[in-house]
Structure formats: C-alpha cells, structure tokens
Amino acid sequence: MRERLFKKFEEVFGDSEGAVLYFAPGRVNLIGEHTDYNGGHVFPCALNIGTYAVARKNNQNQMNLFSMNFESMGVVSVPASDFVYRKEDDWCNYPKGVMWAFTEEGFPVKSGLDILYFGNIPNGSGLSSSASIEVVTGVILKDLFSHDVDMIKISLIAQKAENQFNGVNCGIMDQFAIAMGKKDHAIFLDTADLSYTYAPIHLENAKIVIACSNKKRGLADSKYNERRSQCETALAQIQKVKNIRNLGELTEEEFEEVKDAISDPVNVKRAKHAVYENQRTIRAVEALQSGDIALFGKLMNESHVSLRDDYEVTGKELDTLVEAAWEQTGVIGSRMTGAGFGGCTVSIVENEHIDAFIEQVGKKYLDTIGYAADFYVVEIGDGAHKVK
Ligand code: GLA
C-alpha cells in the first residue's frame, strides 16, 4: 500500500520529499443508533479499512488536494488562508472544513500542504468515509504543524467541521470512534459527557459481517437533520414537565410517564426510539461483558425493529438485508448501522455459516431489490494514526 501511495504522490506532486503517511479507519456501530445527539450511549468500533493520506508542507501557501477515489477531479487547489465551502469542490469540502475548524479553534494552518488521499471504504456506505477523511486531515494538521491537540479534541473539531462547514448536524460518534478506536475493542461511549470505556470483542466462533446495500445516500440530503430536530422538539416539550437535559437521561418507565407532553405522535415515536435504544445499548454491553452473546444479538435485532418502526430510517433495502439475515442459520444478530436510509447492515455470524450467509442474503437482496449488495467480513482496527 505504502509504495503504491507514494508512487502516486510522486506522479501527482513531482516528488515525495518530506511526505508522511497517515491512516484513519472507517467505523461500524454495533448498537446505539441515533442516540449520540440525544445524550445517549453508542457502541462503535474502528475498522481495518479507511482513508490513507500522504501529506507534506509546501511553500505555495495553498492546499493542493488530490484523491485517488476522485481522480478525474485532478488536484484541487485552495488558498491556505481562506477556507470556504464550495459545492463544486465536492469531497474537498471535508478536508477544507477541518482546516477551517482547526483555525477557528486556535490551531492555525501555518503553511500550504500537498495531500493525496486514498480510501478503501465504499463512499456513502454508512461506514463513515467522510468522518474518516476529516479525522485523517486532523491528524495531519496536528502532526505537521505540531499542534498540542489530543485525539478527542481532533474528533470534536472534525465534528464541528461536519456540522458548521458541511451542514450535517451529526453527533460525535463517528469522529470519536475513528479517532479513538482500538484494535479488537468496541468503544462504549456516553455522548452526554464523552466518558468511555473499551470493551474487548472476543467473538469466539463468529465474525462481524457488513452488508452494503449499495443504495447511495448523502447525509445532508437525507432526513438526518429532520430526525434530529424532531428529537429536539420532543425534548423541549418533555422539559416542560420534567427537568432533564437530554433524552438519554430517561429510563423507559420515565419516558412512558412523560410522553404525553409530546404533542406530535410522530415525535413520540422518535423520542421513544432514542430512549429505548439508549437503554438497550447499556444492556447490550452488559450482556457482552457477561459473555451472553445471544442476548447481545437479540438486542441488535430489537434495535433494528425500533429503527424501522419508530425512527423510520431503514427503508426497503436495509430491511431486506436484515430480514433475510434473521432467517439464516448461525446469525447471532443483525441490524442496520449508521444513519440509515441506505448504507450498511452489521451482522454477527458464526464462522461456519458465513459463506452461506453471504450467498443467501446476497441472493435474496438481488432478487428483491434488483442490484447486488456487497459483503465484508471485517476486523476491528486501531484509531487514526501516523503510519510508521
Ligand atoms: C451518522 C452520524 C452519527 C450518528 C449516526 C446514527 O453516522 O454521523 O453522529 O448520529 O448517524 O447513529
């Protein structure tokens, strides 16, 4: 990989003197969906696929950005002093957003940079290819400009870039998981205060299988921001009758007691999902820690049902994949992962049944939807870093 990337860098930028290689993973969330902007818990892990970047300082006072995934765009050059969102810059708005946010946060961009990106996460698949580009850019800025900024702060800056520069009101889960990931562990993160613990994932006879629906979706033009504001409306109405800061503070019982304060029945369902999913995530991690993988899987399945029926973010493609998965032998649990509206599902499948799982779920999907899904048997990798 290194050789291929440096060769391309030389082709694009003339030579590779002073260039350094960095990597940021993609992420998959095992459970705890649409809870991170409600002050709830999430349980994601970093993947062994992600975004590579080769970067060095230049003396042109401009950012020269090139992606091997968007070769036809060529090198996009922007002034190193003035970062503005421009639709036609497409993927470059992610690195530019991080450069803007670093500056805003008091970590100045001190010179121009030449950066080549290469991602092996399918774009728009819900495995956080965009957050991966953001976080790798953050690691580059920290390293090349010697900024005293830790990985949690980098994840917050990347989130700010996504929210304020790219206009997607995402929570902290993706950037946090990508910055803080740890090989063979998932991160049990409380998004209310960013406290977290690492939980080892030792699946003795099983693996994590991701199925990509290949239904493309952009977060911004999806209903993501709408869901978020529905939860905010529900919270504001509950706050008139109960003193809470966010939906993640409520147990199921407490929610049932106050739900009548929410005027719109649709928003009742949205808030219900946020509350129940948070409690489910806490229980799922307890189940995993006590070695009850079957219960963990059952809670994954319940998570999907809640996302399908109450939060309404699944759609035909994800439902087809998950419902086909539930019918297979050796499936411990299966659910959509990420924002939804397309993207991927995550399943835990016993080793000896993985081939049949891929074949049969793949066939069912093709027959029902009319185009193929892609399957990835993944491993849990480390968070973003400089590649030595
Ligand atoms: C996207 C967002 C995350 C999170 C998930 C849903 O991935 O970027 O912050 O809200 O959707 O759980």
Side-chain angles (χ1 to χ4, degrees), residues 24-47 50 94 97-98 121-135 152 155-181 186-192 194 196 210 212-213 216-232 246-248 270-271 273-278 280-281 284 299-300 303-304 306-308 310-315 318 335-346:
R27 68 93 189 90
V28 67
N29 188 24
L30 298 177
I31 193 162
E33 217 65 82
H34 289 281
T35 48
D36 68 343
Y37 49 85
N38 287 307
H41 292 76
V42 292
F43 196 50
C45 45
L47 298 172
Y94 294 114
V98 173
I121 315 174
N123 293 320
S125 63
L127 301 177
S128 291
S129 53
S130 54
S132 172
I133 297 173
E134 289 163 356
V135 175
I152 294 184
S155 71
L156 289 164
I157 297 176
Q159 182 199 20
K160 174 172 177 161
E162 181 93 39
N163 292 167
Q164 296 181 27
F165 198 86
N166 281 286
V168 180
N169 246 333
C170 67
I172 189 61
M173 171 170 73
D174 303 346
Q175 290 81 6
F176 195 97
I178 288 167
M180 297 294 290
I187 308 175
F188 184 42
L189 170 68
D190 182 349
T191 63
L194 295 191
Y196 65 97
I210 291 173
C212 182
S213 69
K216 296 283 181 244
R217 47 132 204 105
L219 268 186
D221 47 67
S222 72
K223 302 238 168 212
Y224 185 89
N225 289 349
E226 181 191 286
R227 290 296 179 281
R228 186 167 180 156
S229 70
Q230 288 169 327
C231 287
E232 280 161 8
N246 53 54
L247 294 173
R270 305 297 190 245
H273 167 79
V275 171
Y276 279 61
E277 177 77 353
N278 179 43
R280 201 162 21 240
T281 303
L299 292 165
M300 285 177 77
S303 165
H304 185 83
S306 177
L307 289 156
R308 183 189 67 192
D310 285 334
Y311 219 62
E312 297 179 280
V313 292
T314 57
L318 294 173
R335 56 183 290 277
M336 61 149 268
T337 184
F341 316 103
C344 292
T345 68
V346 58

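All values below come from the heavy atoms of this structure, side chains included, with hydrogens, waters and symmetry mates left out. Whatever order the structure lists them in is the order used to number ligands and atoms, beginning at 1. Note that the coordinates shown come from a computational prediction; the quantities given were computed from them, not determined experimentally.
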Would Thr35 count as being in polar contact with ligand 1, using the rule that some N or O on each side must be under 3.5 angstrom apart? no
side-chain contact (heavy atoms from CB on, under 4.5 Å) evaluation trace for Phe341 with Met336: CA-CA 9 Å; Phe341 316 103; Met336 61 149 268; over 6 Å; no
ring-ring contact (aromatic ring centres under 6.0 Å, His included) evaluation trace for Tyr276 with Tyr311: CA-CA 11 Å; Tyr276 279 61; Tyr311 219 62; over 10 Å; no
Looking only at non-hydrogen atoms, find the nearest pair between Gly343 and Ser213 and report the distance. O-OG, 2.7 Å
Any side-chain donor-acceptor pair under 3.5 Å between Ser128 and Asp174? yes
Using 0.5 Å steps for rounding, measure from the CG atom of Leu299 to the NE2 atom of His304. 15.0 Å
Using a 4.0 Å heavy-atom cut-off, say whether Arg27 meets ligand 1 through its side chain, its backbone, both or neither. side chain
Please give me the minimum heavy-atom distance between Ile178 and Ala24, naming the atom from each residue. CG2-CB, 3.9 Å
Quick check on contacts: which atoms of ligand 1 are under 4.0 angstrom from a heavy atom of Gly338? 6 (C), 11 (O)
Find all atoms of ligand 1 within a distance of less than 4.0 Å from any non-hydrogen atom belonging to Met173, and give their numbers and elements. 4 (C), 5 (C), 12 (O)
Relative to the heavy atoms of Tyr37, which atoms of ligand 1 are at a distance of less than 4.0 Å? 10 (O)
Can you tell me how far CG of Leu307 sits from CD of Glu312, rounded to the nearest 0.5 angstrom? 11.0 Å
Proximal ligand 1 atoms for Gly171, defined as those under 4.0 Å from one of its heavy atoms: 9 (O)
Could you tell me whether Asp36 and ligand 1 have an N or O pair separated by under 3.5 Å? yes
Electrostatic pair Arg335:Glu33 at N-O distance under 4.0 angstrom: yes
For atom 6 (C) of ligand 1, tell me which residue out of Met336, Glu33, Glu162 has the closest non-hydrogen atom. Glu33
Looking at Cys170, which atoms of ligand 1 are within less than 4.0 Å of one of its heavy atoms? 2 (C), 8 (O), 9 (O)
Atoms in ligand 1 flagged as close to Tyr224, the criterion being non-hydrogen separation under 4.0 Å: 1 (C), 2 (C), 3 (C), 4 (C), 9 (O), 10 (O), 11 (O)
Does an N or O from Asp174, backbone or side chain, lie closer than 3.5 Å to an N or O of ligand 1? yes
